[in-house]
Amino acid sequence: MPLTVRRSVELLGLVLLTAILYIGSSILMPIIMAFFISLVLLPIFRFLRKHKVPEAIAIVVPILLVFILLAGIIWFFSAQVGSLVADFPKIKSNVSIHLNSLSNWVSGITHYSTKEQLDFINKNTNELLSFAGKRMSTFALTLSSVFVFVGLLPIYIYLILFYKNLLLRFIFRWFSEDHHPKVKDAIYESELIIKSYLIGLLIQVTYMTVLVGGILMLIGIKHALLIGVIFAFLNLIPYVGALIGNVIGVLLTMTSSTELWPIFTVLGVIAGVQFLDNNILMPRIVGSKVKINALFAILGVIIGGNIAGVPGMFLSMPIIAVLKVIFDRTEMFSQWGILLGDERPAHSPMIFADSRKKDSVDSKPGTMK
């Protein structure tokens, strides 16, 4: 086919893939999440099968371990939120002090008096309550969809592990036998990337919670562990999550103190832990398995959020990583693998012809039994 036709087909395929994800996000997101979790649970499943454990039990045991871990996280978070609620009277007093300070500051730099500010707030309160009422129905719908999402996960994980060989056979049947070695290589590499990435994120959540929460607790910051756990989980969303985590950390600190030094302390501790995480800890844990450039990482988070909300933002990086593995091993889509990757040429392709060529992809043997 002519080059223009081939490029048009490629773009049409990418648009069609995005449209399918958008239209069927409520159905596809639990399946994709279950697929990624299944890859993480594969080593446990293989270990149990190696020791002659029945297949059904070998599948159920790792699923139970996942939900025990999830229940522990929910219990820990609920306990921290409970301590925050218990301090509500003090929080209300601190918020009032901060609002008065803000009002005095606004009065000092503008012509609006405190009375005019209160009139403005009271005037817009009804509109705010009306807006909140409309959003409550949407929140209820979202909450119900979350319960459906979580309820379907164990079923999908069980079935994906149970029909693993059937699914692999289906994938191989899509390609001619000449391409089967590349298909095997892509499957091995995708499994390795997803497992290292998700396990790395789990380790990251643990040490981020311990470091941020522990340091803030030693300094004497109120609700230190809650700030740590919220920031650790929001940090899972690339780039955007860290910013939101900083904002929430500042707000929680403002509600628990009338002074400014705790706010700067929280920001400083989070910045220090982030620097340690980005430059020392996370590269050693995950390694260089997921080489996605920052531009498409941010675009992936935004597009994933628009398609499927928070699950889409969380799943965007592993999905892009798998797509890059496939693109790198397909001659037709190799340029898309270059676009998603972080391997910058040392010299300008406009001057040096070698910079226009695609580097070879290393193949590593894997295990998928």
Applying a strict under-4.5 Å side-chain criterion to I, L, V, M, F, W and Y, I'd like to know whether [X] and [Y] cluster together.
| X | Y | answer |
| --- | --- | --- |
| Tyr158 | Leu42 | yes |
| Leu234 | Ile73 | yes |
| Leu11 | Ile307 | yes |
| Ile227 | Phe275 | no |
| Ile23 | Val15 | no |

Looking at side-chain heavy atoms only, is the closest gap between [X] and [Y] below 4.5 Å?
| X | Y | value |
| --- | --- | --- |
| Trp174 | Val183 | no |
| Phe327 | Gln335 | no |
| Leu152 | Met29 | no |
| Leu340 | Ile320 | yes |
| Leu70 | Ile74 | yes |
| Lys195 | Pro43 | yes |
| Ile32 | Leu21 | yes |
| Phe36 | Ile319 | yes |

Evaluate the criterion side-chain contact (heavy atoms from CB on, under 4.5 Å) for residue pair Lys324 and Leu339; output intermediate values, then yes/no.
-> CA-CA 9 Å; Lys324 186 181 185 310; Leu339 183 65; over 6 Å; no
Of Leu39, Ile59, Ile37, which is the lone residue that meets side chain to side chain contact (heavy atoms under 4.5 Å, CB included) with Leu161?
->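 Checked Leu39, Ile59, Ile37 against Leu161; only one passes side chain to side chain contact (heavy atoms under 4.5 Å, CB included): Ile59.
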May I have the step-by-step check of side-chain contact (heavy atoms from CB on, under 4.5 Å) for Ile157 and Leu41, ending in yes or no?
-> CA-CA 9 Å; Ile157 294 171; Leu41 299 180; 4.0 Å; yes
Ignoring hydrogens, what is the shortest heavy-atom contact between [X] and [Y]? Give both atom names and the distance.
| X | Y | value |
| --- | --- | --- |
| Pro62 | Ile44 | CB-CG2, 4.0 Å |
| Thr209 | Val229 | OG1-CA, 3.8 Å |
| Leu153 | Pro30 | CD2-O, 3.5 Å |
| Leu276 | Leu211 | CD2-CD1, 4.1 Å |
| Ala224 | Leu216 | CB-CB, 3.5 Å |
| Pro154 | Ile63 | O-CD1, 3.8 Å |

Looking at Glu177 and Lys184, does any basic side-chain N land under 4.0 Å from a carboxylate oxygen?
-> no
Sub-6.0 Å ring centroid separation between His180 and Phe172 |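 Yes.
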With side-chain contact (heavy atoms from CB on, under 4.5 Å) as the test, would you mind laying out the steps for Phe296 and Leu299 before giving the verdict?
-> CA-CA 5 Å; Phe296 280 89; Leu299 284 176; 4.2 Å; yes
side-chain contact (heavy atoms from CB on, under 4.5 Å) evaluation trace for Val266 with Val212 = CA-CA 9 Å; Val266 169; Val212 175; over 6 Å; no
Does Pro181 offer a backbone N or O that forms a donor-acceptor pair with the side chain of Asp185 under 3.5 Å?
-> no
Verify, without hydrogens or angle tests, whether Arg49 (side chain) and Val53 (backbone) share a donor-acceptor contact under 3.5 angstrom.
->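 Flag set: sc Arg49 to bb Val53 pair under 3.5 Å.
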If you count the non-hydrogen atoms of other residues, nucleotides and ligands that lie under 6.0 Å from CZ in Phe47, is the total more than 12?
->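 At most 12 heavy atoms, drawn from other residues, nucleotides or ligands, come within 6.0 Å of this atom.
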If you count the non-hydrogen atoms of other residues, nucleotides and ligands that lie under 6.0 Å from CD1 in Ile27, is the total more than 12?
-> no
To the nearest 0.5 Å, tell me how far [X] [atom1] sits from [Y] [atom2].
| X | Y | atom1 | atom2 | value |
| --- | --- | --- | --- | --- |
| Ile57 | Leu64 | CD1 | CG | 11.0 Å |
| Phe45 | Ser38 | CZ | OG | 10.5 Å |
| Phe35 | Ile31 | CZ | CD1 | 12.0 Å |
| Ile270 | Ile215 | CD1 | CD1 | 10.5 Å |
| Lys182 | Ile187 | NZ | CD1 | 14.5 Å |
| Phe162 | Glu55 | CZ | CD | 5.0 Å |

